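The model shown is predicted, which means the values in this text are computed figures rather than measured ones. Atom set for the values below is all heavy atoms of this structure, side chains included, hydrogens, waters and symmetry mates excluded. Each chain gets a letter, A, B and so on, in the order its sequence line appears, and its residues count up from 1.
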Amino acid sequence: MIKKLKNLIIDKYTIRMRTYISDLKELDDGAQVTIKGWVQETRKIKNLMFIILRDNTGTIQVTAKKDKMNNYDQLYDITRESVISIYGTLNKKSISKAGMEILGIEIEILSIAETPLPLGVIDRVSADLDTRLNNRFLDLRKPENLLIFQFESQLLFGIREFMNRENFIEVHTPKIVAAATEGGADLFKVEYFEKNAYLNQSPQLYKEILISSGFDKVFEVGPAFRAEKENTVRHLNEFTSIDMEAAFIDDKKAMEYLEEAISYAVNRTVDLMQSRLEKNGYNVKKLETPFPRITYEKAMEYLNKKGLKLNFGDDFSPEANKILAEKFLGFYFITGWPADMRPFYTHPDTNPSITKSFDLQLNDIEVTSGAQRIHNYKMLEDNFIKKGLNKNNFEFYEKAFKYGMPPHAGWGLGLDRLVMNLLGLNNVRESTLFPRDRTRLSP
RNA sequence: GCCCCGAUAGUGUAGCGGCCUAUCAUACAGGCCUGUCGAGCCUGUGACACGGGUUCAAAUCCCGUUCGGGGCGCCA
C-alpha cells in the first residue's frame with residue numbers, strides 16, 4: 001500500500017496562502033482556505049472519511065467525500081503522520097465536536113509516513129521515556145510536548161526583555177577553554193589541535209572579566225557542560241544556563257534581579273498561554289515578589305527540629321530539600337552558605353565562615369546559585385591557596401583583578417530545571433529537546 | 001564512584017519451572033460501512049535482549065555480557 005502511494009509523487013506542490021489551524025476561528029463560514037500539516041488520525045467509512053489534521057497551532061477535522069473530490073482514492077490510503085496540504089471550505093456549522101471542519105476540495109499528499117510508527121503520537125498506550133527520546137522527532141509532535149518548548153521560548157523571551165530593560169548586555173563567551181572554571185575535575189576534555197582543551201562548565205570567569213572591562217551588567221544564555229557521572233532525574237551533562245553578573249551590586253541586589261526577572265517572565269508567559277497550558281495539564285501559577293528568604297543556619301535548625309541530624313557545613317540532601325519544600329512551596333532563597341561549600345570566588349560575609357551567597361530553590365530543586373564575588377586581588381589569591389588551587393591555571397582571570405575590578409555579584413540559572421519545575425515535569429530530560437546524560441549521546 | 005531494580009510483538013503489558021503452539025490493549029494489514037469524533041464489527045500479521053549453565057523440562061532458576069530505569073554522592 002505504501003508502495004502504491006509512493007508512486008504518486010509529490011513534486012507538484014501548489015503554493016497557496018496557508019492558514020494556521022488556530023486562525024480558522026477568525027474566518028467566516030464558507031471561507032476557502034488551505035491548511036497544511038500532519039495527518040493525526042483518520043476515520044474511514046468507505047465513501048466518506050474524516051482526517052484530523054494537526055499543525056503546531058492545533059487540530060481540525062477535515063471531511064472528505066468521494067463524490068466531491070478527484071483524488072479521494074489516494075487519500076483513502078493515507079497513513080497517520082503523513083504530511084498533506086488541504087484546500088477546502090470552512091464549515092462553521094459542523095456537527096463535529098469542535099463545531100468546525102474543513103470540507104475538502106483538493107488534497108495534496110506531500111510526504112508519506114511509513115507504518116507502523118515507532119512511537120504513536122496519540123496512542124492510548126504510553127511509552128517509556130527512553131523510547132520517547134529515541135524517537136524524539138515523533139515525541140515532540142505531541143502537542144503537550146511541543147508546548148513545553150513554546151513555554152520555554154516565551155519564558156526566555158520574558159527574561160531577555162527584563163534584562164534588556166535593566167540595561168544588561170547579552171554576551172557570548174567561549175565554551176572551549178584551557179582550564180577548569182572552578183577547579184573541579186569534572187570537565188569534558190577535547191582535542192584542540194596540538195593542545196588539550198575543555199568544555200566550559202560555566203561562564204563565571206568570563207563574566208567577571210567583562211565586569212573588569214566596564215560592561216557593568218552582562219548576561220548570557222548558553223550551554224554548560226559537566227562531566228559528572230550523575231544518574232538522576234535532575235542532572236544533565238549539557239544544559240542551558242542563564243548567567244548574570246553586574247558591577248557595583250551586592251548579593252541582595254543580585255537576588256532582586258533574579259526574582260524580578262523570573263516573576264516578570266513567568267507572569268507574562270502565563271498571561272499569554274494560560275488556557276493552552278491548562279488544557280494540556282500544566283498548572284502554572286502567577287508569582288509575587290519578594291520570594292521568601294531563609295538563612296542556611298535557620299534552615300538547618302528547622303531541619304534538625306524535623307528530625308535530621310545536620311552539622312554546619314553539611315549540604316542539604318534531597319530528603320532535606322523535600323522537607324523545606326513542604327514549608328515554603330514554590331520559590332524561596334537559602335542564603336549565607338558556609339565558605340567551605342562555595343567556590344573560591346565567593347565573597348565572605350563579615351563572619352568569614354559564611355559567604356554572601358544564595359541558592360534559589362523551586363520546590364525541592366535548586367534552580368539558581370549566586371553570590372557577591374570577591375573583587376579584592378589579595379583576597380582572591382588567598383582563596384586559591386585555601387581551596388588548594390593552582391593560581392597559574394587562572395592567570396588569564398586573575399589578571400583582570402589587578403587593574404581595577406569593581407565589587408560585583410551575579411548568578412547562574414538552570415533553564416531546563418526551571419521549566420521542568422514550573423510545569424511539574426518528573427524529569428529534566430522532558431524539558432530538554434535532545435538531552436545529554438550519563439549514557440545518551442543520540443539523537 | 002556506590003547501592004537497588006528491570007529487559008516478552010511497532011508501543012505498553014500479563015505470565016515467574018510442565019497448563020505457553022505466550023495474555024491483553026494499542027498499533028499495523030485486509031474486509032464491511034456516507035457523519036465519524038477513544039468510531040464500530042469481522043479476519044489476519046507480529047515478541048520471550050545476547051551467551052553459557054542447572055533440569056527429564058526454562059520466558060520463568062543461576063552466572064556473565066549488553067542495554068535501560070531509579071536512588072545516593074554532587075550540582076543548575
Side-chain angles (χ1 to χ4, degrees), chain A residues 1-2 40-52 59-68 72 76-77 79-81 91 94-101 103 113-135 138-139 182 184-186 201-204 222-243 258 314-321 337 341-343 359-362 365-370 411-421 426-429 431-432 437-440:
Chain A
M1 200 247 352
I2 288 173
Q40 181 163 290
E41 53 182 306
T42 60
R43 292 185 210 100
K44 302 193 276 195
I45 305 160
K46 199 163 173 121
N47 295 324
L48 168 72
M49 72 184 291
F50 302 97
I51 295 168
I52 306 301
T59 56
I60 182 84
Q61 173 168 292
V62 175
T63 303
K65 293 180 180 175
K66 188 180 172 97
D67 56 11
K68 301 236 164 79
Y72 183 85
Y76 198 77
D77 289 331
T79 55
R80 295 200 306 170
E81 297 304 318
N91 172 16
S94 162
I95 60 164
S96 73
K97 276 189 177 164
M100 206 167 43
E101 67 182 348
L103 300 169
E114 293 184 17
T115 61
L117 297 165
L119 176 72
V121 173
I122 54 151
D123 283 7
R124 281 177 264 157
V125 292
S126 58
D128 292 340
L129 184 59
D130 192 51
T131 306
R132 291 174 45 201
L133 293 175
N134 285 337
N135 299 284
L138 275 173
D139 187 50
E182 299 173 18
D186 48 0
Q201 63 167 213
S202 150
Q204 182 61 32
F225 305 90
R226 307 273 164 97
E228 288 155 358
K229 294 181 176 178
E230 313 286 4
N231 190 10
T232 77
V233 294
R234 63 189 179 281
H235 287 95
L236 292 172
N237 296 287
E238 175 178 356
F239 62 93
T240 302
S241 180
I242 305 173
D243 275 85
L258 179 59
D314 288 345
D315 205 352
F316 295 161
S317 64
E319 186 195 2
N321 285 140
W337 291 82
M341 300 174 67
R342 288 278 155 162
D359 281 358
L360 180 67
Q361 305 277 130
L362 175 47
I365 299 274
E366 180 187 340
V367 294
T368 306
S369 190
W411 38 255
L413 166 63
L415 179 62
D416 328 65
R417 276 194 182 181
L418 181 66
V419 170
M420 164 196 179
N421 244 259
N426 298 320
N427 196 315
V428 71
R429 290 165 181 83
S431 60
T432 306
D437 64 25
R438 176 72 185 86
T439 52
R440 180 174 290 279

Among [options], the one nearest [X] by side-chain distance:
{"X": "A:Val233", "options": "B:G71, B:A76, B:U36", "value": "B:G71"}
{"X": "A:Asp123", "options": "B:A27, B:A39, B:C28", "value": "B:A27"}
{"X": "A:Thr439", "options": "B:G69, B:U26, B:G73", "value": "B:G69"}
{"X": "A:Asp128", "options": "B:C72, B:C37, B:G12", "value": "B:G12"}
{"X": "A:Asn321", "options": "B:C33, B:C75, B:G73", "value": "B:C75"}
{"X": "A:Pro116", "options": "B:A27, B:C75, B:G69", "value": "B:A27"}
{"X": "A:Phe239", "options": "B:A76, B:G10, B:C72", "value": "B:A76"}
{"X": "A:Ala127", "options": "B:G12, B:C74, B:U36", "value": "B:G12"}
{"X": "A:Arg80", "options": "B:C28, B:G69, B:G35", "value": "B:C28"}

Taking the [atom1] atom of each, how far is [N] from [M], in whole Å?
{"N": "B:U60", "M": "B:C16", "atom1": "C1'", "result": "5 Å"}
{"N": "B:A59", "M": "B:G73", "atom1": "C1'", "result": "37 Å"}
{"N": "B:U23", "M": "B:G40", "atom1": "P", "result": "22 Å"}
{"N": "B:G17", "M": "B:A58", "atom1": "P", "result": "14 Å"}
{"N": "B:A9", "M": "B:A22", "atom1": "P", "result": "14 Å"}
{"N": "B:A14", "M": "B:C20", "atom1": "C1'", "result": "12 Å"}
{"N": "B:C24", "M": "B:C41", "atom1": "P", "result": "16 Å"}
{"N": "B:C72", "M": "B:A57", "atom1": "P", "result": "45 Å"}

**Report entry** 5' precedence on RNA chain B between A:Glu101 and A:Ser126 (nearest-nucleotide basis)
**Finding:** A:Ser126
Report summary line: Judged by nearest nucleotide, the residue sitting upstream toward the 5' end of RNA chain B, A:Ile52 or A:Pro318, is A:Ile52
Starting at atom [atom1] of [X], determine the distance to atom [atom2] of [N], rounded to an integer number of angstrom.
{"X": "A:Glu114", "N": "B:C28", "atom1": "CD", "atom2": "P", "answer": "14 Å"}
{"X": "A:Glu230", "N": "B:G73", "atom1": "CD", "atom2": "C1'", "answer": "8 Å"}
{"X": "A:Ile45", "N": "B:C41", "atom1": "CD1", "atom2": "P", "answer": "14 Å"}
{"X": "A:Lys44", "N": "B:C32", "atom1": "NZ", "atom2": "P", "answer": "12 Å"}
{"X": "A:Leu48", "N": "B:G40", "atom1": "CG", "atom2": "C1'", "answer": "14 Å"}
{"X": "A:Ile51", "N": "B:G35", "atom1": "CD1", "atom2": "C1'", "answer": "14 Å"}
{"X": "A:Arg438", "N": "B:C67", "atom1": "CZ", "atom2": "P", "answer": "10 Å"}

Given [N], is OP1 or OP2 found less than 4.0 Å from the side-chain N or O atoms of [X]?
{"X": "A:Thr131", "N": "B:U11", "answer": "no"}
{"X": "A:Arg429", "N": "B:G68", "answer": "no"}
{"X": "A:Asn237", "N": "B:C75", "answer": "no"}
{"X": "A:Lys65", "N": "B:U34", "answer": "no"}

Could you tell me whether [X] contacts a base, only the sugar-phosphate backbone, or nothing, with contacts defined as non-hydrogen atoms closer than 4.0 Å?
{"X": "A:Leu129", "value": "nothing"}
{"X": "A:Asp139", "value": "nothing"}
{"X": "A:Lys66", "value": "nothing"}
{"X": "A:Thr232", "value": "base"}
{"X": "A:Gln61", "value": "base"}
{"X": "A:Asn47", "value": "base"}

Strictly by Watson-Crick or wobble contacts shorter than 3.5 Å, is anything paired with [N], and which nucleotide is it?
{"N": "B:A29", "result": "B:U43"}
{"N": "B:C16", "result": "none"}
{"N": "B:A49", "result": "B:U65"}
{"N": "B:G1", "result": "B:C72"}

Query raised in the report: A:Thr368 versus A:Arg417: any side-chain heavy-atom pair under 4.5 Å?
Result: no
Query raised in the report: If we only count heavy atoms from C-beta on, is the A:Leu236 to A:Arg429 side-chain gap below 4.5 Å?
Result: yes
Query raised in the report: Okay, side chain of A:Arg438, backbone of A:Lys229: is any donor-acceptor separation there less than 3.5 Å?
Result: no
**Report entry** Exam field: side chain A:Asp359 to backbone A:Gln361, donor-acceptor pair closer than 3.5 Å
**Finding:** no
**Report entry** Pair A:Thr59-A:Gln40, side-chain donor/acceptor within less than 3.5 Å
**Finding:** no
Report summary line: Shortest non-hydrogen pair, A:Asp243 vs A:Gly412, comes out as OD2-CA, 3.6 Å
**Report entry** For the student: nearest non-hydrogen atoms of A:Gln201 and A:Ala224, plus distance
**Finding:** O-CB, 3.4 Å
Query - Heavy-atom donor-acceptor pair, A:Arg43 side-chain to B:C33 base, under 3.5 Å - result: no
Report task. Measure distances between side-chain N and O atoms of A:Asn231 and base N and O atoms of B:G70, and say whether any donor-acceptor pair falls under 3.5 Å. Result -> yes
